[in-house]
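Single-structure report; data block below.
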Amino acid sequence: MDVPLSRHALSRRTLLGMAAAVPVSAALSACGSSGPGTSDAAATYWYLQGQPQEGVRAGAVKAFNKAHPKTQIKDTTFQNDAYKTKIKTAIGAGQAPTIIWGWGGGTLRTYVEANQVEDLTSWFDQHSEVKKRLFPSAFGAATVDGKIYAMPCETVQPIILYYNKKVFDQVGVKPPQSWDDIMALVPKFNAKGIAPFSLGGQSQWTNMMWLEFLFDRIGGPEVFQAVIEGEKNAWSNPAAISALTKVQELVKAHGFIKGFSSITADSNADQALLYTGKAAMMLHGAWSYGIQQADGGDFVSSGGLGYMNFPPVEGGKGDPSNTVGNPAQYLSISSKASAEEKKAAKEFFATGVLQDAEVKQWIDNGSVPIRLGTEKLLAASKSAEFLELTYDIASKAKTFAQSWDQALSPTAAETLLDNISKLFQLSISPKQFAGNLNAVIGK
């Protein structure tokens with residue numbers, strides 16, 4: 001979800017097979033040294049750290065630079081949370097990198113309204129072949145008021161319910177088919193000294209995924225859409241209050257790992273809890289599969305990892321096929337960049353993004369790239385079962401809602417994440433949560 005969510009490259013560890021492809025990142029203090037306004041005509045590009053995603057991004061830049069010796073891309077990497085702060089500050093100061101990596105949605109809208117990013121609509125019209133090779137659904141979060149301001153890239157990342165098959169077998173239970181099943185499983189795992197759910201709660205957006213699904217499963221996509229459309233008191237919808245209440249019931253039942261509020265997603269501690277069997281289940285993005293594959297020893301290869309879409313809530317209005325997450329990731333071009341830098345960035349968009357080698361790497365890492373026509377590659381992958389599930393969830397969902405913290409403006413998203421932490425810590429009630437969020441609708 002921001003994620004992310006987002007939604008995110010989270011691991012600090014390197015995937016051995018790709019170590020050679022990873023560039024030495026510039027120190028944070030040096031970032032922006034070759035940004036707009038300097039004599040260096042190379043396009044600058046900031047993106048997220050963490051394997052296996054970082055290696056794919058770095059590999060695409062390296063391949064482009066090799067093929068275009070006179071048109072170079074200079075890349076710098078950041079951890080997820082540090083990046084969000086750094087990019088916001090840099091854009092506000094007119095010192096953004098040429099290529100701005102992001103999640104589209106509400107944040108992109110704020111860039112557009114501040115005239116900080118290029119309108120790419122005419123460029124896509126002139127390069128229709130680029131647009132035609134990408135998932136049509138990826139362009140929604142790249143579009144503001146009918147105009148395209150970002151190049152969709154990388155992978156589609158719905159949120160998945162993961163579970164440890166070995167732990168389920170050990171306890172003698174089956175994966176949940178409903179919310180009631182989830183609540184019934186909680187005491188069974190706790191009785192065996194196993195946390196029902198892993199959660200990196202300090203990162204906040206990880207908690208958000210629970211609300212995204214519960215809002216949808218109980219009330220349907222219209223409940224959150226009312227927030228997006230600025231409907232007064234939208235957060236007080238009875239379905240919203242029900243969803244907020246159910247989350248707190250899960251917390252009170254000890255549904256999450258003890259101390260979840262001090263566990264970070266950036267460190268991948270939440271992932272480790274699942275593959276080491278200390279937790280039975282985890283709600284996380286599709287990117288989690290690659291991390292567990294890279295860090296979990298033989299956990300994935302031995303068939304220990306199970307996965308499914310979030311189950312329905314009894315009596316709920318939401319279609320069980322609906323999903324939430326990231327329809328893609330997005331690259332924008334800073335309006336403050338020089339003409340040479342903009343030209344280099346557009347050349348990268350046309351000939352450097354989602355080329356065959358990058359597509360293969362995403363698939364090898366357990367991800368579904370947003371390029372059309374990859375079904376045979378997915379089916380032939382060692383991760384075929386997971387990739388086909390991801391592809392099916394993303395392509396068959398009646399509604400694919402963008403992560404809330406990306407769909408909202410940065411101001412509203414910050415308030416959302418802060419209040420979600422308080423909700424999970426039981427320091428505010430569902431009605432207090434709704435009141436706090438109603439106050440920032442449309443801001």
Side-chain angles (χ1 to χ4, degrees), residues 34-38 40-47 56-57 60-75 87 90-91 94-156 326-359 362 369-374 402 406:
S34 58
T38 72
D40 190 344
T44 50
Y45 175 23
W46 299 354
Y47 54 80
V56 186
R57 294 172 185 135
V61 171
K62 187 177 179 181
F64 177 83
N65 285 343
K66 186 176 180 181
H68 301 79
K70 293 182 179 179
T71 307
Q72 297 289 286
I73 306 291
K74 297 179 73 170
D75 53 353
I87 195 71
I91 289 173
Q95 289 295 317
T98 315
I99 300 172
I100 301 168
W101 189 99
W103 296 275
T107 300
L108 179 63
R109 175 176 284 277
T110 64
Y111 297 164
V112 172
E113 290 173 350
N115 297 314
Q116 296 286 3
V117 292
E118 289 280 288
D119 180 351
L120 299 174
T121 311
S122 61
W123 184 84
F124 274 109
D125 288 343
Q126 293 160 15
H127 297 80
S128 58
E129 76 286 354
V130 175
K131 189 175 182 181
K132 286 176 182 174
R133 69 173 185 243
L134 305 176
F135 283 14
S137 59
F139 282 87
T143 305
V144 177
D145 297 334
K147 294 183 178 180
I148 302 172
Y149 289 90
M151 166 82 174
C153 65
E154 299 188 6
T155 61
V156 62
N326 301 326
Q329 291 72 56
Y330 298 91
L331 303 177
S332 296
I333 297 175
S334 170
S335 59
K336 304 295 190 290
S338 70
E340 293 86 352
E341 290 163 346
K342 291 176 182 178
K343 183 179 178 183
K346 289 173 181 176
E347 184 63 25
F348 181 63
F349 288 4
T351 65
V353 175
L354 285 175
Q355 299 304 303
D356 291 351
E358 181 189 347
V359 165
W362 285 122
I370 61 161
R371 203 176 85 179
L372 294 168
T374 62
Q402 189 184 21
Q406 301 309 329

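The basis for the numbers below is simple: all heavy atoms, side chains too, and nothing from hydrogens, waters or symmetry mates. This structure is a prediction, so every number in the text was calculated from the model and none was measured.
Remark: the backbone N or O of Ser335 is paired with a side-chain donor or acceptor of Lys342 at under 3.5 angstrom. Put simply, the side chain of Thr110 gets close to the backbone of Thr107: a donor and an acceptor are under 3.5 Å apart. A donor-acceptor pair under 3.5 Å is absent between the side-chain atoms of Thr155 and the main chain of Pro369, judged by distance alone.
Classified by interplanar angle (parallel below 30°, tilted 30° to 60°, perpendicular above 60°), the ring pair Trp123/His127 is parallel.
Among residue pairs with one or both ends in residues 98-107, none qualify as salt bridge (Lys or Arg N to Asp or Glu O under 4.0 Å); sequence neighbours excluded. Legend: ring-ring contact (aromatic ring centres under 6.0 Å, His included) pairs involving residues 326-347, not counting sequence neighbours: none detected. Legend: side-chain hydrogen bond (donor to acceptor under 3.5 Å, both in side chains) pairs involving residues 136-150, not counting sequence neighbours, sorted by first then second residue: Arg109-Asp145.
The CD atom of Gln406 sits 5.5 Å away from atom CH2 of Trp103, with the distance rounded to the nearest 0.5 Å. One finds the NZ atom of Lys74 at 13.5 Å from the CD1 atom of Ile99 (value rounded to the nearest 0.5 Å). Taken from CG in Asp75 to CZ in Phe64, the straight-line distance is 12.0 Å, to the nearest 0.5 Å. Atom NZ of Lys70 and atom CG of Asn65 lie 15.0 Å apart (nearest 0.5 Å). For the atom pair OH of Tyr111 and CD1 of Ile87, the computed distance is 5.5 Å after rounding to the nearest 0.5 Å. Rounding to the nearest 0.5 angstrom, the gap separating the CG atom in Leu134 from the CD1 atom in Ile370 is 4.5 Å.
With sequence neighbours excluded, the residues forming a side chain to side chain contact (heavy atoms under 4.5 Å, CB included) with Gln126 are Ser122, listed by chain and number. Evaluation of the salt bridge (charged side-chain N to carboxylate O under 4.0 Å, His left out) rule for Lys346 yields no partner, not counting sequence neighbours. The side-chain hydrogen bond (donor to acceptor under 3.5 Å, both in side chains) check on Asp125 picks up nothing, with sequence neighbours excluded.
You'll find the side chain of Met151 reaches within 4.5 Å of the side chain of Val353, heavy atoms only. Annotation: side chain of Arg371 is in contact with side chain of Val359 (closest heavy-atom distance under 4.5 Å). Between Glu341 and Ser338 there is a side-chain heavy-atom pair separated by less than 4.5 Å. Counting heavy atoms from C-beta outward, Lys343 and Thr71 have side chains that stay 4.5 Å or more apart. Here the side chains of Trp101 and Trp46 are not in contact, with every heavy-atom distance at 4.5 Å or above. The shortest side-chain heavy-atom distance between Phe349 and Val130 does not fall under the 4.5 Å cut-off. Inter-residue side-chain proximity for Tyr45 and Thr98 is flagged as unmet; no heavy-atom pair is nearer than 4.5 Å. Contact check for Phe139 versus Pro152: side-chain heavy atoms found under the 4.5 Å cut-off.
The nearest pair of heavy atoms linking Gly352 to Glu358 is O-OE1, 3.7 Å. What you find for Ser332 and Val117 is that their closest heavy atoms are CB-CG1, 3.8 Å. The shortest heavy-atom contact between Ala328 and Ala138 is CB-CB, 3.9 Å.
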>> What verdict does the side chain to side chain contact (heavy atoms under 4.5 Å, CB included) test give for Leu120 and Ile333, after you've listed the backbone C-alpha separation in whole Å, the side-chain angles of each residue and the deciding distance to 0.1 Å?
In response: CA-CA 9 Å; Leu120 299 174; Ile333 297 175; 4.1 Å; yes
>> Run Leu331 and Ile100 through side chain to side chain contact (heavy atoms under 4.5 Å, CB included) and show every step you take.
In response: CA-CA 5 Å; Leu331 303 177; Ile100 301 168; over 6 Å; no
>> Quick one, Thr351 with His68, criterion side chain to side chain contact (heavy atoms under 4.5 Å, CB included). Give me CA distance, side-chain angles, the key distance, then yes/no.
In response: CA-CA 10 Å; Thr351 65; His68 301 79; 3.4 Å; yes
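Between Glu154 and Arg57 there is a salt bridge, with a side-chain nitrogen of the basic residue lying less than 4.0 Å from a carboxylate oxygen of the acidic one.
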